[in-house]
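Data block below; observations after.
Because only heavy atoms are used, hydrogens play no part in the values below, and waters and symmetry mates are left out as well, while side chains stay in.
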Amino acid sequence: MLDIKFVRENLNVVRESLEKRGMEADLDRFAELDEKRRKLLFDVEQLKHIRNTVSEEIAELKRVGKDVQEKTLSMRVLSQKIKSLDAQVRELDVALKGMMLDIPNIPHPSVPIGADERDNEAIRCWGEPPKFDFEPKAHWDIGTKLGILDFERAGKIAGTRFALYWGLGAQLERALINFMLDLHTREHGYLEVFPPILVNEGSMIGTGQLPKFSIELYKCQDDDLYLIPTAEVCVTNIHRDEILDGRLFPLKYVAYTPCFRREAGAAGRETRGLIRQHQFNKVELVKFAKPEESYDELDSLTKDAEEVLRRLGLHYRVVVLCTGDLGFSASKTYDLEVWMPGHGTYKEISSCSNFEDFQARRANIRYRPEPKAKLRYVHTLNGSGLAIGRTVAALLENYQQKDGSVIIPKVLRPYMGGVDRIKGR
RNA sequence: GGAGGAGUCGCAUAGAGGCUGAGUGCAGCCGCCUGCUAAGCGGCUAACCCCGAUAGAAUCGGGGUUCGAGGGUUCGAAUCCCUCCUCCUCCGCCA
């Protein structure tokens, strides 16, 4: 959420930012309702002032045993008036809050302007695509043939866009989770957390999934609970409604969780394989930072995620998302895209974002910069470090051999009981 | 799931319709006093919103709101009533 005062005083900045994103909002209506609300609020507060004063007088009169009837009667009228004005203010509050919750974050000035992912800018590359003396296969063919991935039975159990892992496939998934958690906790200084993955509506509003993107979420029918689409939700909301100690910044958390997405807008896209699943595992990095340090923290968070790919020996590039591709809550996002030989393309495997104070304002997460200073909103950041299913896909495609087996990178072997190659069941 | 109890300023607690603009203690900060420390004395220790002053984020003045959340009763609610949430105790069920 943007600061309502900022929006009030910078309507054009907000309008421009919406335009850059290719989005719309009725800002004229916002201005009108906001104006109306403040006028009403001013009126009702004046009436409340009278009520407070007269109530005091009534108390005083009763104390000395004087008649109070006349004042009480006139106050009864005033009180009704206040009640009705209060209701009107509340109505406008709800309308304005609703509008504010639907306005996306303002992109950072360094974000390239563009319409969609084709306008994203690649800023760096690491490694080389592996060379094959045969036609590299897609990971679903490799995995199915090796008997470690079973999409048919997953479809029977749950439906399309679900996967069943067997044997070394399941172990590889688990090995990657542990490898990533160990790397981030032992070498990058993150604190491991294991949060609830069913969360309430307040948490979803806090990070920006609700109210606008409910179509992407799985909701429990009989409870006010949602399955998380990313650990960003539960980990960022750890500090909802808290005042944090700025001396401890940056706070760095890492969490492994399953994630659940309805993929409502992706019908027909990437229906095969592990790339786009309703349920997938992810190791997520989350930071709480001071505003003046948050972009440095974004850079180091991105590097922390990149380190996973480097150690796995996977060729990747880093792109800056353009305004049209930028997420609703983000000010700036770097995507890590891993090379997928079976597809012949790069695929997003991590998304690292700075939300500035957008989520902090929604979730009410603040800190006091100095002992006597005013409270400020923190900046929140997060990034995948990494998406596990997509990493499995990338490993299968990049390390596939002519005989259909797949080499396990050295760093994972200790996590696989020393297995150096998957040759099938 | 059932039955009780509780949620008040950083922590601990008082408060039971109007002398509460929420008191007290602790911790913390700033003074004073002091050879040093301790003690003592005085002060400060909440957030948000609206209006006004100023070129302004700062700051100042006025007003409003907030005692878990939301409604209600009343001229007036921390206090009474209703709904919900969270925590604790006991019972039942359960990995």
Query - Inter-nucleotide C1' distance (rC84(B), rG7(B)), Å rounded - result: 14 Å
task = For rA46(B) versus rC41(B), give the span between their P atoms, rounded off to a whole number of Å.
result = 22 Å
Under 4.0 Å between any heavy atoms, over every strand shown, what does [X] touch: base, sugar-phosphate, or nothing? Just pick one.
X         : value
Lys83(A)  : sugar-phosphate
Lys48(A)  : sugar-phosphate
Arg376(A) : nothing

For residues 85-95 of chain A, please give each side-chain donor-acceptor pair under 3.5 Å, one per line with the distance, not counting sequence neighbours.
{"residue": "Asp86(A)", "atom": "OD1", "partner": "Lys48(A)", "partner atom": "NZ", "Å": "3.3"}
{"residue": "Asp86(A)", "atom": "OD2", "partner": "Lys48(A)", "partner atom": "NZ", "Å": "3.4"}
{"residue": "Asp93(A)", "atom": "OD1", "partner": "Arg37(A)", "partner atom": "NH1", "Å": "2.9"}

Is the phosphate of [N], meaning OP1 or OP2, less than 4.0 Å from a side-chain N or O of [X]?
X        : N       : answer
Ser79(A) : rG76(B) : yes
Arg38(A) : rC50(B) : no
Asn52(A) : rG64(B) : yes
His49(A) : rG64(B) : yes

Applying the Watson-Crick and G-U criteria (both distances under 3.5 angstrom) with [ ] for crossing and | for other-strand pairs, one obtains for RNA chain B ((((((((.[[[[.)..(....]]]].(((((.......))))).((((((((.....)))))))).[[[[[..)....]]]]])))))))....
Do any N or O atoms of the protein come closer than 3.5 Å to N or O atoms of nucleotides 47-49 of chain B, and which pairs are they?
{"residue": "rA47(B)", "atom": "OP1", "partner": "Arg368(A)", "partner atom": "NH1", "Å": "3.4"}
{"residue": "rA47(B)", "atom": "OP1", "partner": "Arg368(A)", "partner atom": "NH2", "Å": "3.1"}
{"residue": "rA47(B)", "atom": "O3'", "partner": "Arg366(A)", "partner atom": "NH1", "Å": "3.2"}

Check this for me: does any side-chain nitrogen of one of [X] and [Y] sit under 4.0 Å from a carboxylate oxygen of the other?
X         : Y         : answer
Glu187(A) : Arg311(A) : yes
Asp3(A)   : Lys5(A)   : no
Arg15(A)  : Asp28(A)  : yes

Taken in chain and number order and not counting sequence neighbours, the residues that satisfy salt bridge (charged side-chain N to carboxylate O under 4.0 Å, His left out) with Glu306(A) are Arg124(A), Arg310(A)
**Message:** If the condition is salt bridge (charged side-chain N to carboxylate O under 4.0 Å, His left out), which residues does Asp26(A) pass it with, not counting sequence neighbours?
**Reply:**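 For Asp26(A) there are no salt bridge (charged side-chain N to carboxylate O under 4.0 Å, His left out) partners, ignoring immediate neighbours.
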Practice prompt. Heavy atoms only: give me the nearest Phe328(A)-Asp102(A) pair and the separation to one decimal.
Written response: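 Where Phe328(A) meets Asp102(A) most closely, the heavy atoms are CE1-O, 3.4 Å.
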Asp224(A) CG to rC85(B) C1', in whole Å, measures 11 Å
Measure all distances between protein nitrogen or oxygen atoms and nitrogen or oxygen atoms of nucleotides 77-84 of chain B, and list the pairs falling under 3.5 Å.
none

